[in-house]
2 protein chains.
Amino acid sequence: MELRQLKYFVRAAELLNFTQAAEDLFITQSTLSHQIKELENSLDTLLFDRIAKRVRLTEAGEVMLQYARKTIHQAEESRQVLLDLNNMKSGKIIIGSTYGLQELLMESIVEYNEKYPDIEIQIIYGSTTDLLQKILDYKIDCMLSFMSELGHNELMINKLFSAHLSLIVHQSHSWAKLKKVALEKVTALPLALPSQSYSIRNLLDKLLDDKGIPLHTKMEINDIHSLLQLANTNKWSTILMHTSLFDFKELKAIPLEGKNTVREATIAISKGIYHKKSLVLFQEILLKKSEVYRNE
Amino acid sequence: MELRQLKYFVRAAELLNFTQAAEDLFITQSTLSHQIKELENSLDTLLFDRIAKRVRLTEAGEVMLQYARKTIHQAEESRQVLLDLNNMKSGKIIIGSTYGLQELLMESIVEYNEKYPDIEIQIIYGSTTDLLQKILDYKIDCMLSFMSELGHNELMINKLFSAHLSLIVHQSHSWAKLKKVALEKVTALPLALPSQSYSIRNLLDKLLDDKGIPLHTKMEINDIHSLLQLANTNKWSTILMHTSLFDFKELKAIPLEGKNTVREATIAISKGIYHKKSLVLFQEILLKKSEVYRNE
DNA sequence: TAAATCAATCGAAAATTTCGATTATAAAAT
DNA sequence: ATTTTATAATCGAAATTTTCGATTGATTTA
């Protein structure tokens with residue numbers, strides 16, 4: 001068993017396609033096949049079922065996948081600790097985030113990169129569920145999302161700010177001066193909404209469902225900026241967290257009434273892993289940048 | 001970085017002598033030198049200081065040693081999980097124990113080996129302190145010793161039985177019928193005592209010190225059986241846990257009076273690691289065998 | 001001063017990893 | 001029903017890595 005073989009195995013197990021995995025790893029399929037077999041021999045256990053030139057994981061393979069990831073992560077962690085020890089302020093940080101926190105994230109990484117130009121940054125957007133899985137698989141170092149601080153024992157969750165689910169309208173809209181608005185009312189407006197993959201949309205759907213309010217979506221978009229641009233035309237309105245309209249000066253956010261219309265923006269980091277300096281430094285900047293939102 | 005290199009490094013770091021380490025690893029010194037250098041290159045960090053053909057760990061090396069052990073352990077853990085998954089009842093178990101629990105341990109491993117003949121057993125005797133270090137370094141799977149159940153957050157500690165610190169005399173000794181004896185009295189007898197490396201001796205020294213009783217040791221031996229054999233001649237007495245004289249039918253254990261003369265025999269297992277079946281099975285047998293002692 | 005110890009180095013041998021081409025099998029497309 | 005496509009295994013050769021044995025040079029010990 002060697003780390004190289006574990007890395008090969010993980011990729012093969014993830015793609016369940018040796019040819020693609022080999023390409024991904026910059027080796028030939030032949031080599032991958034060979035090394036997987038070698039790993040299986042050393043473990044005395046088949047990791048893949050070979051059903052007629054297709055592969056799928058055996059039960060042992062499923063288990064091994066997790067342990068292989070853990071072992072590889074452990075090895076990489078030691079490399080990172082040495083970097084930190086040398087106070088290198090280098091290496092790589094992989095940040096997972098939901099779209100809803102894109103604005104804050106962008107501001108933060110700009111400052112982060114200015115301060116620590118040698119740290120490589122990778123950002124992966126995804127739903128909260130996606131990100132939770134990725135954090136368990138050691139694919140991301142931390143995740144920014146709107147989530148409860150409870151119910152995740154293996155995560156260290158820090159609150160960034162609270163955000164109101166809000167109706168977003170143009171300043172010349174007749175409702176623009178309202179201090180709050182009832183959920184029942186907004187469905188009457190022409191609404192452009194984020195698509196189902198956004199947690200904010202799930203929240204909205206749930207709130208409407210609880211009150212039995214029907215919703216006829218006329219416009220559904222997979223991009224926050226597009227929604228804001230539409231709202232900026234004053235022909236549509238949208239529903240987002242109030243913190244999302246940052247640089248659209250002509251838009252107004254009107255908080256929705258009712259319980260459960262407030263969500264906590266958080267950063268979550270796995271408790272079990274070593275908290276590398278690059279990660280701690282990022283969190284510091286993120287918390288500082290969040291202050292602006294906290295006082296709104 | 002490969003597991004092979006990490007294994008080489010750990011041994012080299014432990015022995016701080018490349019020649020010996022190489023011998024230990026069944027490779028040549030040349031190979032070891034080369035592979036260590038390769039590892040250092042891949043980490044971009046020197047792990048050893050080379051002061052004129054001698055080696056010692058750099059700060060980074062010290063840190064790396066821990067992480068290397070952890071990584072290797074993680075890899076081995078995955079192998080063990082697969083064995084367990086196949087219900088193999090095989091593999092290897094390394095048991096650390098203090099001498100004071102040798103008797104119980106022997107009885108247990110006899111039954112253990114009868115039931116699971118395919119599991120390889122290795123036993124390492126050492127002081128409680130030694131064993132604690134070894135358990136942290138992943139060198140033993142569990143440890144049997146007399147220790148407090150508290151103050152070790154990272155360990156899962158199970159109580160086996162309580163043992164009294166006792167004066168051990170021959171049945172024909174004039175004190176043989178006593179139900180208990182005061183600490184002050186025993187120093188008058190010709191005593192053969194376990195050496196300082198035994199926790200029981202530390203306990204005794206501490207109790208005497210607390211009461212300001214001076215002790216003039218006439219005989220100090222590094223082996224429990226030898227002490228018992230001496231006591232069996234009726235020319236000497238000794239002080240041990242009452243459970244230690246098991247198959248010496250002509251010896252009597254007389255409990256010492258006072259507080260803190262009772263110690264808990266325990267089995268401790270690291271919380272962080274995977275509890276492999278071989279280990280769980282061993283613990284079961286051990287607990288069963290302990291019953292005899294519990295009712296004394 | 002001589003002998004012993006020890007890590008680095010070097011070139012060659014051995015082992016392993018990787019590659020490219022081919023084969024075999026099943027699924028998909030025609 | 002037949003052909004095409006996709007895929008993993010296999011095989012021999014090439015490339016690379018690992019290991020070895022011998023030597024060197026520097027230091028400590030006798």
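Worth saying up front: this structure is predicted, and the values here are computed from it rather than measured. Hydrogens, waters and symmetry mates play no part in the numbers below; they use all other heavy atoms, side chains included. Chain letters run A, B, ... following the sequence lines, proteins first and then strands; every chain starts at 1.
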So, taking the atom named CG in L15(A) and the one named CG in D24(A), what distance separates them when rounded to the nearest 0.5 Å?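 L15(A) CG to D24(A) CG: 5.5 Å, rounded to 0.5 Å.
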Quick check for you: to the nearest 0.5 Å, what is the distance between Q102(A) atom CD and S97(A) atom OG?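 If I round to the nearest 0.5 Å, the distance is 8.0 Å.
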Which whole-number value in Å describes the distance from [X] [atom1] to [N] [atom2]?
X	N	atom1	atom2	result
N41(A)	dT16(C)	CG	C1'	14 Å
H34(B)	dT16(D)	NE2	P	15 Å
L39(B)	dT17(D)	CG	P	16 Å
R56(B)	dA7(C)	CZ	P	14 Å
K7(A)	dT17(C)	NZ	C1'	15 Å
E40(B)	dA8(C)	CD	C1'	12 Å
Y8(B)	dT18(D)	OH	P	9 Å
I27(A)	dG20(C)	CD1	P	12 Å

Quick one: label F26(B) by what it contacts on the DNA or RNA (base, sugar-phosphate, nothing), any heavy atom closer than 4.0 Å.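 Result for F26(B) = sugar-phosphate.
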Would you mind classifying the nucleic acid contact of F48(A) as base, sugar-phosphate or nothing, using non-hydrogen atoms under 4.0 angstrom? nothing
Taking only side-chain N and O atoms of [X], does any of them lie within less than 4.0 angstrom of OP1 or OP2 on [N]?
X	N	result
T19(A)	dT7(D)	no
R4(A)	dT18(C)	yes
S33(B)	dA8(C)	yes
K37(B)	dA7(C)	no
N17(B)	dC6(C)	yes
T31(B)	dT19(D)	no

Determine whether K276(A) and D141(A) make a side-chain contact, defined as any pair of heavy atoms from C-beta on separated by less than 4.5 Å. yes
Against M64(B), only a single residue in V10(B), T71(B), L43(B) fulfils side chain to side chain contact (heavy atoms under 4.5 Å, CB included); can you say which? L43(B)
Letter by letter from the 5' end, nucleotides 23-30 of chain D scores (B base, S sugar-phosphate only, - none; protein heavy atoms under 4.0 Å) --B-SS--
Tell me whether [X] is salt-bridged to [Y], with the criterion being a basic N under 4.0 Å from an acidic carboxylate O.
X	Y	result
D84(A)	K277(A)	no
E284(A)	K115(A)	no
K92(A)	E76(A)	no

With a 6.0 Å cut-off on ring centres, are F48(B) and F9(B) close enough?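 That pair passes the under 6.0 Å test.
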Tell me whether the side-chain N or O atoms of S30(A) pair up with the base of dG20(C) as donor and acceptor below 3.5 Å, since no angle test is needed here. yes
Side chain of Q35(B) - closest among dA7(C), dT18(D), dC20(D):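 Between dA7(C), dT18(D), dC20(D), the one nearest the side chain of Q35(B) would be dT18(D).
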